[in-house]
Number of protein chains: 2
Amino acid sequence: MAGRNARITKDTAYGYHTQMNVGSKPERTRLSAEDWEVAALGLIAEQGVGALAVEALARQLGVTKGSFYWHFRTREALLNAALERWEQYGEREIIDEIAQISDPRKRLPELFRRVAHELQPHRVYAALLKALDHPQVVPVMARVSQRRMEFLTTAYREAGLAPPQALNRARLTYAAYVGFLQLNFTLGLPRINHEEFEAYVEHMIATLIPA
Amino acid sequence: MAGRNARITKDTAYGYHTQMNVGSKPERTRLSAEDWEVAALGLIAEQGVGALAVEALARQLGVTKGSFYWHFRTREALLNAALERWEQYGEREIIDEIAQISDPRKRLPELFRRVAHELQPHRVYAALLKALDHPQVVPVMARVSQRRMEFLTTAYREAGLAPPQALNRARLTYAAYVGFLQLNFTLGLPRINHEEFEAYVEHMIATLIPA
DNA sequence: GGCAATCCATACTCAAGCGTATGGTAACCG
DNA sequence: CGGTTACCATACGCTTGAGTATGGATTGCC
């Protein structure tokens with residue numbers, strides 16, 4: 001009986017998953033493959049790909065392995081499904097919104113500020129960066145990173161940089177983004193505070209974006 | 001008898017470890033704790049912290065677990081010893097050399113170019129970046145990164161930036177460094193070639209270092 | 001050359017985690 | 001309302017890797 005009280009429910013949709021519903025009724029709805037994938041992404045975001053174990057996940061979901069192996073053939077299959085889900089739904093929104101800004105020169109600063117202010121969706125990306133030794137995640141990360149790099153490159157071209165400069169500036173910018181993820185909420189370097197962070201973002205904009 | 005032919009010897013000193021001495025005589029010298037630490041760093045650099053298993057290491061060194069547990073009390077102890085060794089001996093050289101350049105304005109470009117051209121010593125750092133979920137590596141990485149950041153910050157101040165700017169520029173620079181490590185020889189993004197890489201480094205210098 | 005200390009091999013135990021087999025229960029449908 | 005399907009529990013086997021026990025071999029030293 002004990003062990004049934006820590007559950008993850010589907011209504012805590014993608015970006016806001018891994019919310020315990022402590023205190024609410026057990027609401028013993030049966031699970032779908034999607035539930036497992038979402039929960040898997042939550043676990044990955046918090047503890048990394050290495051911590052993705054089926055029995056641990058089952059405990060979190062309030063069921064046993066018997067359930068899991070009905071929905072998936074193997075643990076590997078779950079990982080692939082979760083990664084695919086992340087690649088499909090987890091991204092794009094920001095890029096799409098930015099692309100609709102008319103003035104090309106305002107796109108990059110806006111992009112920087114947006115990304116800086118919603119770091120939550122980037123936790124999965126950060127976790128996957130640490131899991132590049134798992135062969136399954138490499139192609140996914142390669143595709144996602146490549147798409148973002150291309151978006152950045154054209155944005156820099158539209159902001160006035162010559163093609164070679166634009167490519168290199170995009171490389172630099174994206175590397176800074178990736179490095180920042182690692183150094184901050186992965187490693188916990190001297191915990192930068194809010195206003196200091198704002199200043200850092202503006203410094204980035206002033207340094208990396210051509211006037 | 002087979003299994004004795006793949007060994008790592010101590011003479012393959014730190015940065016050049018993990019060289020098999022195929023073809024040479026078995027030279028059955030007994031091992032020391034140092035040998036295990038060096039071999040561990042080699043394995044970490046190539047396959048990450050997660051791959052650090054004592055039986056695997058023993059196979060590489062041409063011995064069995066019996067040897068290992070004479071030198072170390074546990075696997076965890078080996079990891080700590082290896083990390084300490086890396087923190088002590090593995091770093092500093094570049095920083096020390098750079099600090100001796102008289103003209104402060106020439107220090108940063110020189111630093112960039114040096115770091116860019118000897119990426120080999122940075123493989124351990126890159127591997128450790130992916131292992132920040134292991135609680136043992138976090139403090140080590142925090143110390144090393146902090147030291148480097150401080151060095152960068154003073155270098156930027158000496159290059160003419162005001163203290164707040166210098167700190168933020170150092171953050172940006174170091175994040176770009178970390179991100180580059182991840183995106184390139186961890187993830188294998190569109191494999192940048194040599195001359196393109198040189199151009200990228202010069203672009204970094206032009207963008208990040210104040211004229 | 002013999003005795004310690006050092007280093008290593010062999011043979012175990014134990015826990016974790018994946019996957020399987022099979023039976024049980026809840027939902028849906030005719 | 002009886003049966004089929006979908007979902008889950010329980011109990012097992014198997015592999016991997018950490019750690020232990022103990023005896024054998026090698027080195028240094030007197």
Side-chain angles (χ1 to χ4, degrees), chain A residues 1-10 25-40 43-44 47-83 131 133-136, chain B residues 1-10 25-40 43-44 47-83 131 133-136:
Chain A
M1 279 310 156
R4 277 289 166 76
N5 32 13
R7 289 175 53 91
I8 296 177
T9 52
K10 176 157 49 177
K25 40 186 145 60
E27 53 173 279
R28 192 93 195 70
T29 57
R30 307 167 97 184
L31 301 178
S32 68
E34 184 185 344
D35 295 312
W36 286 93
E37 297 168 10
V38 172
L43 218 169
I44 289 173
Q47 310 195 37
V49 174
L52 183 60
V54 320
E55 287 175 292
L57 246 192
R59 260 192 305 278
Q60 269 198 11
L61 287 167
V63 292
T64 64
K65 316 196 312 184
S67 170
F68 176 83
Y69 284 100
W70 194 91
H71 296 284
F72 297 92
R73 231 173 46 75
T74 166
R75 184 205 109 118
E76 195 178 347
L78 170 65
L79 218 196
N80 287 327
L83 290 176
D133 33 6
H134 300 244
Q136 311 177 51
Chain B
M1 280 309 159
R4 278 286 167 75
N5 32 13
R7 290 175 54 92
I8 296 177
T9 53
K10 177 157 49 176
K25 42 187 146 59
E27 54 173 280
R28 193 94 194 70
T29 57
R30 305 166 98 184
L31 300 177
S32 69
E34 184 186 343
D35 294 313
W36 285 93
E37 297 168 10
V38 172
L43 217 168
I44 289 173
Q47 309 195 40
V49 174
L52 184 58
V54 321
E55 283 171 306
L57 248 192
R59 261 193 304 277
Q60 270 197 10
L61 286 167
V63 293
T64 66
K65 316 198 311 184
S67 171
F68 176 84
Y69 283 100
W70 193 90
H71 296 284
F72 297 92
R73 232 174 46 75
T74 167
R75 185 206 109 118
E76 195 178 347
L78 170 66
L79 218 196
N80 286 327
L83 290 175
D133 33 7
H134 300 244
Q136 312 178 52

*Asks:* Out of C:dT6, D:dC7, D:dA9, which nucleotide sits closest to the side chain of A:R30?
*Replies:*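 Closest nucleotide among those given: D:dC7.
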*Asks:* In whole angstrom, give the distance that lies between atom CG of A:L43 and atom P of C:dG17.
*Replies:*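 About 12 Å, once rounded to whole Å.
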*Asks:* With sequence neighbours excluded, what pairs up with A:T64 under the side chain to side chain contact (heavy atoms under 4.5 Å, CB included) test?
*Replies:*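 Applying side chain to side chain contact (heavy atoms under 4.5 Å, CB included) to A:T64 gives none.
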*Asks:* How many angstroms lie between CG in B:D35 and CZ in B:R30, if you round to the nearest 0.5 Å?
*Replies:*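 Going from the CG atom of B:D35 to the CZ atom of B:R30 covers 12.5 Å.
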*Asks:* Taking atom C1' of C:dA5 as reference, at what distance in whole Å does atom NE2 of B:H71 sit?
*Replies:*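 So the two atoms are 13 Å apart, to the nearest Å.
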*Asks:* Under the ring-ring contact (aromatic ring centres under 6.0 Å, His included) rule, collect the residues that match up with B:F68, sequence neighbours excluded.
*Replies:*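 Listed in chain order: B:W36, B:F72.
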*Asks:* Main chain of A:A77, side chain of A:N80: is a donor-acceptor contact present, judged purely on distance under 3.5 Å?
*Replies:*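 The answer is no, because no donor-acceptor pair under 3.5 Å joins these two groups.
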*Asks:* Nearest whole angstrom, please: distance from the P of D:dA18 to the CG of B:L79.
*Replies:*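 Distance, rounded to whole Å: 11 Å.
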*Asks:* May I have the distance from B:L31 (atom CG) to D:dT27 (atom P), rounded to whole angstrom?
*Replies:*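 In whole Å, D:dT27 P and B:L31 CG are 13 Å from each other.
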*Asks:* Which atom pairs link the protein and nucleotides 18-21 of chain C when you take only N or O atoms and keep those under 3.5 Å?
*Replies:*
residue : atom : partner : partner atom : Å
C:dC18  : OP2  : A:V54   : N            : 3.3
C:dC18  : N4   : A:K65   : NZ           : 3.3
C:dG19  : OP1  : A:T74   : OG1          : 2.8
C:dG19  : OP2  : A:Y69   : OH           : 3.3
C:dG19  : OP2  : A:T74   : OG1          : 3.0
C:dG19  : OP2  : A:R75   : N            : 2.8
C:dG19  : N7   : A:K65   : NZ           : 2.8
C:dG19  : O6   : A:K65   : NZ           : 2.1

*Asks:* Taking all heavy atoms of B:L83 and all of B:Q136, pick out the closest pair and write down the distance.
*Replies:*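 Here B:L83 and B:Q136 meet closest at CD1-O, 3.9 Å.
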*Asks:* Would you write the dot-bracket representation of DNA chain D, where each base gets (, ), [, ], | or . depending on whether it forms a Watson-Crick or G-U pair under 3.5 Å and with which partner?
*Replies:* ||||||||||||||||||||||||||||||
*Asks:* What's the separation between atom CD in B:E37 and atom NE2 in B:H71, rounded to the nearest 0.5 Å?
*Replies:*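 B:E37 CD to B:H71 NE2: 10.5 Å, rounded to 0.5 Å.
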*Asks:* Whole Å only: how far is the CH2 atom of B:W70 from the P atom of C:dC8?
*Replies:*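 Those two atoms, CH2 and P, are 9 Å apart.
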*Asks:* Restricting to side chain to side chain contact (heavy atoms under 4.5 Å, CB included), what partner residues turn up for B:A40, sequence neighbours left out?
*Replies:*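 Checked B:A40 against side chain to side chain contact (heavy atoms under 4.5 Å, CB included); matches are B:L52, B:L57, B:L78, B:A82.
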*Asks:* Using the side chain to side chain contact (heavy atoms under 4.5 Å, CB included) criterion, which residues pair with B:A51? Sequence neighbours excluded.
*Replies:*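 By the side chain to side chain contact (heavy atoms under 4.5 Å, CB included) rule, B:A51 matches B:L43, B:Q47.
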*Asks:* Please enumerate all residues that pass salt bridge (charged side-chain N to carboxylate O under 4.0 Å, His left out) together with A:E55, with sequence neighbours excluded.
*Replies:*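 Here the qualifying residues are A:K65.
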*Asks:* Measure the distance from CH2 on B:W36 to C1' on D:dA18 and round it to the nearest whole Å.
*Replies:*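 It is 13 Å, rounded to the nearest whole Å.
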*Asks:* For B:E34 and C:dT6, what is the distance between atoms CD and P respectively, to the nearest whole Å?
*Replies:*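 Between P of C:dT6 and CD of B:E34: 18 Å.
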